[in-house]
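Written out below as structure tokens is the structure these notes cover.
From a predicted model like this one, the values you see are computed outputs, not experimental measurements.
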Number of protein chains: 2
Amino acid sequence: MVQGDANAGNAGRGERVEGGRGAQRPKILDVAKACGVSPATVSNALANKRQVKAETRELVRRVAIEMGYRPSAAARGLSSRAGRTWSVGLVVGDIENPVVPTIVRGVEEILWASRTSLILCNTDFQQDKKMAYVRSLVDRDIDGLILVSHLFNDMEARSISLLDLPIVTVNRMADEWKTDYVGIDNTAGTRSAVNYLTGMGHRRIAYIKGLHTSTAAEARFDGYLVGIAAAGGDTDPDLVVQGDYTQESGDIATRQLMALDRPPTAIVAANDLMALGVLGALRNLGVSVPGEVSVVGFDDIHMSRHPLINLTTVHYPQHETGAMAARLLLRRIEDGPDELPRSMVLQPSLIVRGTTAPPRDMPGTAGSGPNITV
Amino acid sequence: MVQGDANAGNAGRGERVEGGRGAQRPKILDVAKACGVSPATVSNALANKRQVKAETRELVRRVAIEMGYRPSAAARGLSSRAGRTWSVGLVVGDIENPVVPTIVRGVEEILWASRTSLILCNTDFQQDKKMAYVRSLVDRDIDGLILVSHLFNDMEARSISLLDLPIVTVNRMADEWKTDYVGIDNTAGTRSAVNYLTGMGHRRIAYIKGLHTSTAAEARFDGYLVGIAAAGGDTDPDLVVQGDYTQESGDIATRQLMALDRPPTAIVAANDLMALGVLGALRNLGVSVPGEVSVVGFDDIHMSRHPLINLTTVHYPQHETGAMAARLLLRRIEDGPDELPRSMVLQPSLIVRGTTAPPRDMPGTAGSGPNITV
DNA sequence: TTGTAAGCGTTATCAT
DNA sequence: ATGATAACGCTTACAA
């Protein structure tokens, strides 16, 4: 029973719909009619909100399923003042950066559990694209927003704050903008990497910086500086090269570093992608790792674990970061804006693999075995 | 990896903004009043639809911007019969699989150009999660749907077809379901890989299959079979091992293959991720590549290009696939359902790198230089 | 050129 | 326990 009469009321409208195709989705009124009750009752029966006689409730439910009725999310959001849209925006700079999909996955996992949709925005780190996306998300009445590795200037921050929309920022160091925050202690991360190297006797340690637009990049660099200073390492400015987080920039930086009169005995990169570039360049230059030069990355992307790469790196809990951001956001959405901003700082940890060893001129304890011998 | 302390010392920063907070977003009526015109005029002035006196139009626009007015997407979609929601769903199995982010990026690039939002759904290849996501997308009145590497059984396909929603499937071989389609010639891809190997003299070539739930996996396997048959290669069933597209399964399969009485001289994997597993396993087993065993992958993920990996593989145009899917979808959304289904089959191409060489017992032309020597 | 009013599909507030 | 009816914020006939 109950089959084709959806569309009964609005027949004649769907010109083109000739053969039984294009059966429009039934609306709540269709279900109501089919059940001989009012739309309100259907709504209540389905939402389990008000008291509805068990009998009617069952009837409505059965018919609704039979007809394939599904409430329109848009209509729902429009109605009911407290109505959520059950969707959140996720703004990332570059979905192709290996750390990002893992973060996204962490976010998705949590959101899925509360049946919240994820609107993905890829900004290519362009200011205007970023803002346009945010505006578009707001137009959609999203319940909340997660911003990964993005900086907002005062004007932008102010204009967004006005919306008093639940926001969680990820990988952005604290500023005046009071949003919830998830991140790691970047400084501690690089410092532990440098400490490890100096502990093995390295003194001439190079650093390849990340994109300057990121506060995380600054923090990681600080860790390097502190670590070098603490061990009385070489502070030759030529040992610091600007990169942009891409593999290629790691490659270029390495050629530059190895061309120095006194090349470094170890290279620390601000992320794994650049470290991979370092390894590639060294390989092509015929420099053995870790025999002649040690290499350390930051992030611990999946590929770094590969036996052919086997990169010593600082582990960044990417999945957990995403999951935590989503949890914070959902909590904020439920609690409302009156709670104090929450910060979650996860701890990175050094993972020692095969690209690090004592410097050649100081054959102390051997590393975990040479990784590549050219 | 040590959990972090939560809630840092940013207390004191959050003062509860009591008074002027929560300035709600202005609605069209607010703008109308502020301009002394009717809401209809505001709508028309902003949408540039009907003729509006240039003067009023400018006034309305200025005031709208001043007040920060933005039309509600939900209300817009709900109103106007022809109203699109300017959002599409993108269903993928695993965002962490390296080919996926690149496809996503291709989709995003095109969608962004037409200001259409991307709702990302990660199914983990679970049937129920997949269908739940699709339903949720339909509830949201999305304008269209892109399904990447997903199979739908008849019942599912039928129930979705009823919606007559614009759909583009990616990486799924043709079946009775008439949707637009983007894919590559998978069979030709693996066949070219096998041809290359047999051309160098290989006869005992192993194959690691992809997940059986995917039709692409079947097609790729077919290419292997055809290639082997054409060259009179070894059809020993032990040479075919089932994998699941993960790196780990490539590793396991390789140990199994190399433990055979007569191990293969070459291994073809149904994707790069498994091929990376193969390389890792061979490395750990002390088998030289390509000296003792040649390895070929499929996809050409970013990492395969790395000098330390340097994997010979079949290039799969991931970005272009995503972009093409989005173009097809947008076109379908605009053209309506009456046009015939369109199919787009892109051509894969073999990329010869360093993991392939003639078999040891047949030292013809050497490969492009040994990649790894253990 | 502009205003009025009728939807769009729900949920919420009243009555009954 | 249920049914009218008024929002929700917008677009678009239809009038003026």
Worksheet entry | Those residues that, when tested against B:Tyr69, pass side chain to side chain donor-acceptor pair (under 3.5 Å) (two or more places apart) | none
Item to complete: Using side chain to side chain donor-acceptor pair (under 3.5 Å) as the criterion, list what pairs up with B:Arg70, not counting sequence neighbours.
Response: A:Asp139
Discussion item. Using whole Å, what does the distance between atom P of nucleotide D:dT11 and atom CZ of B:Arg84 come to?
Written reply: 15 Å
Discussion item. So, OP1 or OP2 of D:dA1: does either fall under 4.0 Å of a side-chain N or O from A:Lys53?
Written reply: no
Discussion item. Which residues pass the side chain to side chain donor-acceptor pair (under 3.5 Å) test with A:Ser159, not counting sequence neighbours?
Written reply: none
Worksheet item: Separation of B:Ile28 atom CD1 from D:dC8 atom P, in whole Å?
Response: 15 Å
Response to the item:
Atom CD of A:Glu55 and atom P of D:dA1 are separated, to the nearest Å, by 13 Å
Would you tabulate the pairs of protein nitrogen or oxygen atoms and nucleotide nitrogen or oxygen atoms of nucleotides 13-16 of chain D closer than 3.5 angstrom?
from: D:dC14; atom 1: N4; to: B:Arg50; atom 2: NH1; distance (Å): 2.7

Item to complete: Examine D:dC10: is either OP1 or OP2 under 4.0 Å from a nitrogen or oxygen in the side chain of B:Ser79? Give yes or no.
Response: no
Fill in: 4.5 Å side-chain heavy-atom contact, B:Ile110 and B:Leu330
yes
Fill in: Atom-to-atom span, NZ of A:Lys33 to C1' of D:dA4 - whole angstrom
15 Å
Discussion item. For D:dT2 and A:Thr41 - does any side-chain N or O of the residue sit under 4.0 Å from the phosphate oxygens OP1/OP2?
Written reply: no
Discussion item. Quick one, A:Val104 and B:Glu96 - any side-chain contact, counting heavy atoms below 4.5 Å?
Written reply: no
Worksheet entry | Whole-Å distance separating the CG atom of A:Leu29 from the P atom of D:dA4 | 11 Å
Discussion item. List the residues meeting side-chain contact (heavy atoms from CB on, under 4.5 Å) with A:Glu58, not counting sequence neighbours, and say none if there are none.
Written reply: A:Arg61
Item to complete: Compute the bend angle of the helix from C:dT1-D:dA16 to C:dT16-D:dA1 from the end axes (five pairs per end), rounded to 10°.
Response: 40°
Response to the item:
A:Asn44 meets the side chain to side chain donor-acceptor pair (under 3.5 Å) criterion, sequence neighbours left out, with none
Worksheet item: For A:Asn48 and C:dT11, what is the distance between atoms CG and C1' respectively, to the nearest whole Å?
Response: 15 Å
Discussion item. Just N and O in the side chain of B:Thr56: are any of them under 4.0 Å from OP1 or OP2 of C:dT2?
Written reply: yes
Fill in: Pair B:Ser136, A:Arg115: side-chain N/O donor-acceptor within cut-off below 3.5 Å
no
Worksheet entry | side-chain contact (heavy atoms from CB on, under 4.5 Å) partners for A:Thr56, two or more places apart | A:Val37, A:Val52, A:Lys53
Practice prompt. Name every residue in residues 63-76 of chain B that has at least one heavy atom under 4.0 Å from any atom of DNA chain D, in order of residue number, or write none if there are no such residues.
Written response: B:Tyr69, B:Arg70, B:Pro71, B:Ser72, B:Ala75, B:Arg76
Worksheet, complete the sentence: A:Leu46 atom CG is separated from D:dT2 atom P, nearest whole Å, by 14 Å
Practice prompt. Find the distance A:Asp141:CG to C:dT10:P and express it as a whole number of Å.
Written response: 18 Å
Practice prompt. Only counting residues at least two apart or in another chain, list the ones meeting side-chain contact (heavy atoms from CB on, under 4.5 Å) with A:Asp124.
Written response: A:Asn122, A:Gln126, A:Lys129, B:Arg105
Fill in: With A:Arg158 via side-chain contact (heavy atoms from CB on, under 4.5 Å) - residues at least two apart
A:Asp154
Item to complete: Please list all pairs passing the ring-ring contact (aromatic ring centres under 6.0 Å, His included) test where one or both residues lie in residues 124-146 of chain B, with sequence neighbours left out.
Response: A:Trp112-B:Tyr133, B:Phe125-B:His150
